[in-house]
Number of protein chains: 2
Amino acid sequence: MGEVAARAEVGKITVSRVIRTPDKVAPETRRRVQAAIRELGYVPDRTAGALSSMRSGVIGALVSTLGDSVFASTIDGLSQRLRGAGHELLLTSTDYDPALEEEAVRTLLGRRPDGLVLTSTAHTADVRRMLAASRVPVVEIWQMPDDPVGHVVGFSNRAAGHALTEYLIGSGRRAIAFLGGDRPNDSRGRRRAEGYAAALEAAGLGAPRPVSRGAGDLPNAEFGARALREARVRWPDLDAVICVSDPVAVGALCEARRTGLSVPDGLAVAGFGGLEVASEAALDLTTVAFPGAEIGRRTAEILLHPRDHTAPQIVDLGFRLIRRATA
Amino acid sequence: MGEVAARAEVGKITVSRVIRTPDKVAPETRRRVQAAIRELGYVPDRTAGALSSMRSGVIGALVSTLGDSVFASTIDGLSQRLRGAGHELLLTSTDYDPALEEEAVRTLLGRRPDGLVLTSTAHTADVRRMLAASRVPVVEIWQMPDDPVGHVVGFSNRAAGHALTEYLIGSGRRAIAFLGGDRPNDSRGRRRAEGYAAALEAAGLGAPRPVSRGAGDLPNAEFGARALREARVRWPDLDAVICVSDPVAVGALCEARRTGLSVPDGLAVAGFGGLEVASEAALDLTTVAFPGAEIGRRTAEILLHPRDHTAPQIVDLGFRLIRRATA
DNA sequence: ATGCGGCATGGTATCGATACCATAAGCAAC
DNA sequence: GTTGCTTATGGTATCGATACCATGCCGCAT
């Protein structure tokens, strides 16, 4: 910055002003400084700026997993809005592990972010303490937590599970299984399964029929196919399966077709997530879609324009039950 | 840091050493300092550290798109290795637009990253200049560029297109179309289409049969279904389609099934990407899989352990043709 | 002529860490 | 006893920006 200032024959502070508040500098001076910036290829050092202004321009995001695409649209929406406001996204993943989350939060806080976005569901006591002490705005997304840490932008997984189950019951299904909603760390899946169980109970359809995901099972198509086989053995009268996520549903759907079981006549199949290949043009799968990109945008909005320093905002963006060919 | 130092009755510098090089501090002193750190809930400020050490501990990643999951496994592999080495990932997207890329590179350089990862393919002259001037190690991934900016960890999209086409020819297909490989900014898709055209020519199978993606068409299932319809009208003898990516292939496959066309007997369908729902348990789609996670890991390795400051490394990780039920 | 306010710009301290050099103590070797 | 080496610790300058206050100039009202 000093070199630029010298070349433009102004003080360093004026260079800073040209970059941050060009209106406050006389047009002629501004031109000279901008010319010097271009000629020297000067790129301001934001880490230094962060140190003195106490604002880093960085938002930390902690997602449960990067490995699959669930959060892609959210990250995309978030990143786009942030970029427009001169902020960047620092991304880490936790693999649904609260201990890893704790380490990740500590690391992110070391970067002095202007905000933190959490997709994880359970937080250790230390994490809560650190977050409170740091006074960094926090947004929890993709769920409605029982005990929010800060702001919330999400939807109710429980209500989604309930709605989908009610829909299947309404269309005449009686023996409905739920594939894969019971991993201890995956609270989103668990909530969906809870909503399912509650809807069964309300309709007087007896005990839930869960198929467990083993510790090593990812919620993917392979598990979906295997879980459907298992379910058909355990409940010969099976006439519908709800799958914890769309990839699982795709596996179940394809398995059903392979074994000659007609969908939806013989078996209804539905999932959660609004996966792209579930669309009409592809598998035409009945699913509950979540407003992924909108979550990202609203989150950015909250972090960039804090309305109120005391009251956390709780935004429920809901979900959309998409009735298609498989149920 | 001062507070911690005061509480532990040592100099600030000793606190710094306890954090960065604990072995160089006497065990008793170390204990005292660590106790003070815990009691005060002190989290070192890495932005300040970055300023004085000239190493930010941040790696900037520029992906063409976050919206779909193509790069998810790569980002995951990259992020995990980096985390293990105390580095973080700063993520931005370019939407395949060189102008946006330029802005993004400028922004990232402002954070003084220790390395930069680019998935984009075309770079403006200004981008090249900035990168060279900044002396930041750069890794281009997911391709083998004609004119590399720095290191490369990728594979040949052209060879992948060629191999898949050869395989189809070898299994008796004669009228092979290519769906969607011609967006000007998507050089990966274009290379695949080039490999396809070259293989056709080598086999004396006449002119390529491309179906264009319009400017507004995303490479998804909806486009795949529509493109297949168009292809069947234009080439009634069509006996195979190669799709620029797996989501497109899924659309084509489902469209074929819907219209009663038998796959693979009546039509072979194949894609690129190794998408999860293409697996045996699901759609059992013939595809060319790319080593996404491995690309991420190798990239991290190169950035974390620079072997040589002069010679850029060029790593071709290849691809894997997976023959499944659809071709 | 004086004083006041607004505009454009500059000077200096500061953010919170690390680099670099200095210092002090302990111990072995000559 | 001196030198030299190692180990443990501290002091001070510095990284590159911004915050805060100061300054000089101009025009205009009094």
Side-chain angles (χ1 to χ4, degrees), chain A residues 1-34 36-37 40-58 86 88 106-114 133-136, chain B residues 1-34 36-37 40-58 86 88 106-114 133-136:
Chain A
M1 191 162 113
E3 287 178 44
V4 173
R7 189 179 188 106
E9 298 179 302
V10 297
K12 295 201 299 178
I13 192 69
T14 301
V15 177
S16 174
R17 272 195 278 259
V18 168
I19 293 164
R20 300 164 17 99
T21 52
D23 308 339
K24 300 197 149 194
V25 177
E28 158 59 16
T29 314
R30 193 193 315 150
R31 257 200 343 86
R32 247 183 20 248
V33 172
Q34 281 166 340
I37 288 177
L40 292 172
Y42 166 68
V43 179
D45 185 331
R46 295 270 261 133
T47 67
L51 188 59
S52 54
S53 71
M54 309 294 266
R55 269 171 292 108
S56 63
V58 163
E88 263 83 44
R106 201 187 310 279
T107 307
L108 284 180
L109 286 179
R111 303 274 173 197
R112 300 295 186 266
D114 294 342
S134 71
R135 311 181 142 280
V136 171
Chain B
M1 191 161 114
E3 287 178 42
V4 173
R7 189 178 188 105
E9 298 181 301
V10 296
K12 295 201 299 178
I13 192 70
T14 301
V15 176
S16 175
R17 272 195 278 259
V18 168
I19 293 164
R20 300 164 18 97
T21 51
D23 308 339
K24 300 198 152 195
V25 177
E28 157 59 17
T29 313
R30 193 193 314 151
R31 257 198 344 86
R32 253 190 6 254
V33 172
Q34 281 165 341
I37 288 177
L40 292 172
Y42 166 67
V43 179
D45 186 330
R46 295 270 262 134
T47 66
L51 188 58
S52 54
S53 71
M54 310 293 266
R55 270 170 292 109
S56 62
V58 162
E88 262 84 45
R106 203 187 309 280
T107 306
L108 285 180
L109 286 179
R111 302 274 174 196
R112 300 295 186 265
D114 294 342
S134 70
R135 311 180 141 280
V136 171

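These numbers were taken from a predicted model, which means no experiment stands behind them. Letters A, B, ... are given to chains in the order of the sequence lines, protein chains preceding strands, and every chain is numbered from 1.
B:Arg106 pairs by the side-chain hydrogen bond (donor to acceptor under 3.5 Å, both in side chains) definition with B:Glu102, not counting sequence neighbours. Evaluation of the side chain to side chain contact (heavy atoms under 4.5 Å, CB included) rule for B:Thr107 yields A:Glu88 as partners, not counting sequence neighbours. Applying the salt bridge (charged side-chain N to carboxylate O under 4.0 Å, His left out) rule to A:Asp114 yields no partners; only residues at least two apart in sequence or on another chain are considered.
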Report each atom pair, protein N/O against N/O of nucleotides 8-10 of chain C, whose distance is under 3.5 angstrom.
unit_1: C:dT9; atom_1: OP1; unit_2: A:Thr29; atom_2: OG1; d: 2.3
unit_1: C:dT9; atom_1: OP2; unit_2: A:Ala26; atom_2: N; d: 3.0
unit_1: C:dG10; atom_1: OP1; unit_2: A:Gly11; atom_2: N; d: 3.3
unit_1: C:dG10; atom_1: OP2; unit_2: A:Gly11; atom_2: N; d: 2.7
unit_1: C:dG10; atom_1: OP2; unit_2: A:Thr14; atom_2: OG1; d: 2.5
unit_1: C:dG10; atom_1: N7; unit_2: A:Arg17; atom_2: NH2; d: 3.1

Sub-3.5 Å pairs of nitrogen or oxygen atoms, protein against nucleotides 25-28 of chain C:
none

Output one line per pair: protein atom, nucleotide atom from nucleotides 22-24 of chain C, and distance, for all N/O pairs under 3.5 Å.
none

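Across residues 41-48 of chain B, B:Tyr42, B:Pro44, B:Asp45, B:Ala48 each have a non-hydrogen atom less than 4.0 Å from an atom of DNA chain C (numbered order).
Using a 4.0 Å heavy-atom criterion, one finds that A:Met54 contacts the sugar-phosphate atoms exclusively.
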If you look only at distance, which donor and acceptor atoms sit under 3.5 Å apart when one is on a side chain in residues 43-51 of chain A and the other is two or more places apart or in another chain?
unit_1: A:Asp45; atom_1: OD1; unit_2: A:Thr47; atom_2: N; d: 2.8
unit_1: A:Asp45; atom_1: OD1; unit_2: A:Thr47; atom_2: OG1; d: 2.6
unit_1: A:Asp45; atom_1: OD1; unit_2: A:Ala48; atom_2: N; d: 3.2
unit_1: A:Arg46; atom_1: NH2; unit_2: A:Gly86; atom_2: O; d: 2.7

Could you go through residues 15-30 of chain B and list every donor-acceptor pair under 3.5 Å that involves a side-chain atom there, pairing it with any protein atom two or more places apart or in another chain?
unit_1: B:Glu28; atom_1: OE1; unit_2: B:Arg31; atom_2: NH2; d: 3.1
unit_1: B:Arg30; atom_1: NE; unit_2: B:Pro22; atom_2: O; d: 3.2
unit_1: B:Arg30; atom_1: NH2; unit_2: B:Val25; atom_2: O; d: 3.2

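The shortest non-hydrogen separation linking B:Ser56 to B:Pro113 is OG-CA, 3.5 Å.
Taking the C1' atoms of five terminal pairs at each end of the helix from C:dA1-D:dT30 to C:dC30-D:dG1, the two resulting helix axes are inclined by 60°, rounded to 10°.
Screening residues 3-13 of chain B for side-chain hydrogen bond (donor to acceptor under 3.5 Å, both in side chains) gives B:Arg7-B:Glu39 as the qualifying pairs, with residues at least two apart or on separate chains.
Put simply, chain B comes within 4.0 Å of DNA chain D, heavy atom to any atom, from D:dA8 to D:dG16, going 5' to 3'.
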